[in-house]
Amino acid sequence: MGRPNLAVAVVGLVVVVAASLPSPSLQLFFDLSQLIKSGSGSGGGFSKWVVLNQEDYVMKASVYAKKAVGDTGKTIDESLSSAEAAKVTYVVDPKGTPSKTTFTNITAALAAIPEGNKKRVVIDLKPGEYREKIFINISKPYVTFVSDPLKPAGGGWNDTAATMGKGGKPVGTVGSTTVAVESDYFVASGVVFKNDAPLAKPGAKGGQAVALRLFGTKSALYNCTVDGGQDTLYDHKGLHYFKNCIIKGSVDFIFGFGRSFYEGCTIISVVKEVAVLTAQQRSKTIEGAIESGFSFKNCTIKGQGPIYLGRAWGDSSRVIYSYTEMGKEVVPVGWDGWNIAKPESSGIYYGEFKCFGAGADAVNHAKRVGWALDLTEEQAKPFIGVHYIFGDSWILPPPKAGAAASSSSATESSSAPAESPTSGSAAAPSASSKTANASAPAASSKTAYSSSTASAPAASTKTANSSATASATSTATSTATATAKTAYSSTPAATTTATTTTTKAR
């Protein structure tokens, strides 16, 4: 497998991000691009790639430092500030009296939002389960779902990839989604997103059952539950922030090529068979995906059966765990290279930093695959703050449910993010600082590995899917991205014990 073209990829990122920055910051970006072109970094191949992550962070830290002293004007981006200042609130109550701002279901409330919306629309969900397939298209940004986490509202459905659509064809992974968000600046607080399709049997085809799909950028979820089995959370594309959430699933239950930061989340396997937490699809072959990856900080991992931290859905898959409590269910080898013949040189970036618990103790950690990294403090810094997702420009405090949501001022909403984007310190947080998460029932499916051991997942295959259902209204970009998945097949990595091979389709 060839190495990723880092110069092209990172310079591409430089151009995109630089376009959004004021002139004083531009020189930092172009200096970095020249650094990359000239072959900066010690060593070659993967070791150079590790160094580039650190160099990129140093550059971003300088940019944030300028913002902190007011050198670049407003912290929150202008369009978001404007939307927050014009906030409106809709109420969804199955027992309510319909009006211009009160609706009996979520779909009706979304339909009332105008195309090209420029206002923050807070949808206050009264307690209960809403049996709806929900789709928020790209033309309706700034939508917020909020409910009381002690009496959470939620969207539930039970489609799988094998469910037949209107055209008589399976809806596929994308079409199985209960709640699909393709718009930007989406926020949810205290909400349950659920796909309660029966759990797929090991090796079964078409068992993918997505509870939530995020395709828009700059989305934040607080105290939410994403509940399912196979492919529970499709972290599809964009910048995403998850704070104090619960995520339940079985195989690849956090997957996609978003650039996302998970903080204080509880991640639970719901099956006794071998489970895989992440399938991150960072690949040089997918436009825009080269700078994606999942970072987990101060999280908890536990479950009913053996858990793999991740497997490589793409030649440059990137997943980082820091200060994370890993239960005994985490298998000693930790990671699976899936179909990548030489993961140590492909561009895969899997790392752990100051994790703890039975699944990360010295005995088990010594058995990790040789190509996963034990990060140093300097290597970890790029991933352990909201700076990883450029959060200073868009992360706001969580919204309030009920009457408080209507009375909250735009000034309060436009305040600084909960955690400073410059928080790159590697000082270990207290384990007791993790806050309680809202609870939610388990359920759903994904083609589970057929395995009786804890030491290795079975090899698998992913194929492309498209949707003829709710996602048919998606933009052409979404359709092209969703179908860009290529088929894979492999044997388990040499560092794992062979198990029964199964087939898995996307």
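Predicted model only: the values in this text are computed from it and were never measured.
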S.K.: Just so I know, are the side chains of Ser317 and Tyr350 near enough to count as touching, which here means a heavy-atom distance under 4.5 Å?
M.R.: yes
S.K.: Between Phe186 and Ile136, is the side chain to side chain contact (heavy atoms under 4.5 Å, CB included) condition met? List the steps.
M.R.: CA-CA 9 Å; Phe186 174 75; Ile136 308 177; 3.8 Å; yes
S.K.: With under 30° as parallel and over 60° as perpendicular, where do the rings of Phe145 and Phe193 fit, or are they tilted in between?
M.R.: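 Correct class here is parallel.
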S.K.: Distance-only, no hydrogens or angles: does the Glu325 side chain make a donor-acceptor pair with backbone N or O of Gly357 under 3.5 Å?
M.R.: no
S.K.: With a cut-off of under 6.0 Å to the ring centre and 45° to the axis, is Arg120 in cation-pi contact with Tyr185?
M.R.: no
S.K.: Are Phe296 and Ser322 close enough that some pair of their side-chain heavy atoms sits under 4.5 Å apart?
M.R.: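 No. Closest side-chain heavy atoms not under 4.5 Å.
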S.K.: Could I get the full list of side chain to side chain donor-acceptor pair (under 3.5 Å) partners for Gln304, not counting sequence neighbours?
M.R.: none
S.K.: Under 3.5 Å, side chain of Thr177 to main-chain N/O of Ala180, donor-acceptor pair present?
M.R.: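 Flag not set: sc Thr177 to bb Ala180 has no pair under 3.5 Å.
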S.K.: Do the side chain of Ser81 and the main chain of Ser79 share a donor and acceptor less than 3.5 angstrom apart?
M.R.: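 No, Ser81 side chain to Ser79 backbone: no donor-acceptor pair under 3.5 Å.
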S.K.: Could you check whether any side-chain N or O of Ser393 sits under 3.5 Å from a backbone N or O of Ile76, counting only pairs where one atom can act as donor and the other as acceptor?
M.R.: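 No, Ser393 side chain to Ile76 backbone: no donor-acceptor pair under 3.5 Å.
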S.K.: Testing the basics here: between Thr160 and Ala197, what is the closest heavy-atom pair and its distance to 0.1 Å?
M.R.: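 Scanning both residues completely, I find the closest heavy atoms to be CG2-CB, 3.5 Å.
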S.K.: What residue pairs, at least two apart or across chains, pass side chain to side chain donor-acceptor pair (under 3.5 Å) with a residue in residues 146-158?
M.R.: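 Sorted pair list: Trp157-Asp159.
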S.K.: When Ser292 is tested against each of Arg318, Gln280, Arg259 for side-chain hydrogen bond (donor to acceptor under 3.5 Å, both in side chains), which residue passes?
M.R.: Gln280
S.K.: Measure the spacing between CD of Glu329 and CD1 of Ile268 and express it to the nearest 0.5 Å.
M.R.: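 The CD atom of Glu329 sits 10.5 Å away from the CD1 atom of Ile268.
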S.K.: Just by distance, no angles: are the side chains of Asp235 and Tyr262 close enough, under 3.5 Å, to form a donor-acceptor pair?
M.R.: yes
S.K.: What is the minimum heavy-atom distance between Pro398 and Tyr222, and which atoms define it?
M.R.: CB-CG, 3.5 Å
S.K.: Between Trp394 and Ile389, is there a donor-acceptor pair closer than 3.5 Å when you use the side chain of the first and the backbone of the second?
M.R.: yes
S.K.: Contact between Asn195 and Thr232 at the side-chain level, heavy atoms closer than 4.5 Å - yes or no?
M.R.: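 Counting from C-beta outward, Asn195 and Thr232 never come under 4.5 Å.
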S.K.: Would you check, one step at a time, whether the test side chain to side chain contact (heavy atoms under 4.5 Å, CB included) holds for Leu125 with Ile106?
M.R.: CA-CA 8 Å; Leu125 301 172; Ile106 300 171; 3.7 Å; yes
S.K.: Counting C-beta onward and ignoring hydrogens, is there a side-chain heavy-atom pair between Val270 and Phe253 closer than 4.5 Å?
M.R.: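 They are not in contact (no side-chain heavy atoms under 4.5 Å apart), so the answer is no.
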S.K.: Just verifying a value: how many Å separate Lys297 NZ and Lys354 NZ, rounded to the nearest 0.5 Å?
M.R.: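 Result: 11.5 Å between the selected atoms.
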S.K.: What are the two closest heavy atoms between Met164 and Pro170, and how far apart are they?
M.R.: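 Heavy atoms only, the tightest pair is SD-N, 3.6 Å.
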S.K.: Please give me the minimum heavy-atom distance between Leu277 and Leu309, naming the atom from each residue.
M.R.: CB-O, 3.7 Å
S.K.: Determine, step by step, whether Trp313 and Asp252 satisfy the side chain to side chain contact (heavy atoms under 4.5 Å, CB included) criterion, reporting the C-alpha distance in whole Å, the side-chain angles of both residues, the deciding distance to 0.1 Å, and the verdict.
M.R.: CA-CA 10 Å; Trp313 183 25; Asp252 300 352; over 6 Å; no
S.K.: List the atom pairs, with distances to 0.1 Å, where a side-chain N or O of residues 110-119 and a protein N or O form a donor-acceptor pair under 3.5 Å, not counting sequence neighbours.
M.R.:
| from | atom 1 | to | atom 2 | distance (Å) |
| --- | --- | --- | --- | --- |
| Glu115 | OE1 | Ser139 | OG | 2.2 |
| Asn117 | OD1 | Lys119 | N | 3.2 |
| Asn117 | ND2 | Lys119 | O | 2.7 |
| Asn117 | ND2 | Pro141 | O | 2.8 |

S.K.: Spell out, as yes or no, whether a donor-acceptor pair under 3.5 Å connects the side chain of Ser269 to the backbone of Gly305.
M.R.: no
S.K.: Compare every heavy atom of Gly207 with every heavy atom of Ala200, then report the nearest pair and how far apart it is.
M.R.: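 Shortest heavy-atom separation between Ala200 and Gly207 comes out as CB-CA, 3.9 Å.
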S.K.: Below 4.5 Å, heavy atoms only, C-beta onward: do Ser316 and Ile348 meet side chain to side chain?
M.R.: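 In short, these two side chains do not touch, never coming nearer than 4.5 Å.
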S.K.: At what distance, to the nearest 0.5 angstrom, does SG of Cys224 lie from CG of Leu233?
M.R.: 11.0 Å
S.K.: Is there side-chain contact between Ile138 and Ser183, with heavy atoms separated by less than 4.5 Å?
M.R.: no
S.K.: Determine whether Trp335 and Tyr321 satisfy the following criterion, ring-ring contact (aromatic ring centres under 6.0 Å, His included), listing intermediate values before the conclusion.
M.R.: CA-CA 12 Å; Trp335 308 86; Tyr321 295 93; 5.7 Å; yes
S.K.: Do side-chain atoms of Asp184 reach the backbone of Thr217 as a donor and acceptor pair under 3.5 angstrom?
M.R.: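 Flag set: sc Asp184 to bb Thr217 pair under 3.5 Å.
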S.K.: Side-chain contact test, heavy atoms from C-beta onward, threshold under 4.5 Å: evaluate it for Thr173 versus Val210 and give yes or no.
M.R.: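 Of all side-chain heavy-atom pairs linking Val210 with Thr173, at least one is under 4.5 Å.
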S.K.: Quick check: does any side chain N or O of Tyr130 sit under 3.5 Å from a backbone N or O of Val92, one acting as donor and the other as acceptor?
M.R.: yes
S.K.: Grab the two heavy atoms, one from Asn223 and one from Cys245, that are nearest each other, plus how far apart they are.
M.R.: N-SG, 3.9 Å
S.K.: Nearest 0.5 Å, what's the CZ-CZ distance between Arg213 and Phe255?
M.R.: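 Here the interatomic distance stands at 9.0 Å.
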S.K.: Does the side chain of Lys243 come within less than 4.5 Å of Leu221's, by heavy atoms?
M.R.: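 Side chain of Leu221 against side chain of Lys243, heavy atoms only: no contact under 4.5 Å found.
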S.K.: If you measure from the Lys or Arg side-chain nitrogens to the Asp or Glu carboxylate oxygens, is any gap between Lys140 and Glu182 under 4.0 Å?
M.R.: no
S.K.: Go through Val386 and Phe261 one step at a time and tell me if the side chain to side chain contact (heavy atoms under 4.5 Å, CB included) criterion holds.
M.R.: CA-CA 7 Å; Val386 295; Phe261 187 50; 3.9 Å; yes
S.K.: Report yes or no: does Thr266 contribute a side-chain atom to a donor-acceptor pair with the main-chain N or O of Ile246 at less than 3.5 Å?
M.R.: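 The answer is no, because no donor-acceptor pair under 3.5 Å joins these two groups.
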S.K.: Measure the spacing between OH of Tyr90 and CD1 of Ile123 and express it to the nearest 0.5 Å.
M.R.: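 Interatomic distance, Tyr90 OH to Ile123 CD1, rounded to 0.5 Å: 8.0 Å.
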S.K.: Apply salt bridge (Lys or Arg N to Asp or Glu O under 4.0 Å) to the pair Arg131 and Asp196, showing each step before the final yes or no.
M.R.: CA-CA 11 Å; Arg131 297 300 294 182; Asp196 53 15; 2.8 Å; yes
S.K.: Please report the interatomic distance CZ(Phe383) to CD1(Ile320), rounded to the nearest 0.5 Å.
M.R.: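 Answer rounded to 0.5 Å: 4.5 Å.
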S.K.: Is it true that a side-chain atom of Lys133 and a backbone atom of Gly175 form a donor plus acceptor pair closer than 3.5 Å?
M.R.: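 Flag set: sc Lys133 to bb Gly175 pair under 3.5 Å.
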S.K.: Fit a plane to each ring of His236 and Tyr234, take the angle between them on a 0 to 90° scale, and name the class: parallel (under 30°), tilted (30 to 60°) or perpendicular (over 60°).
M.R.: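 Parallel, since the angle between the ring planes stays under 30°.
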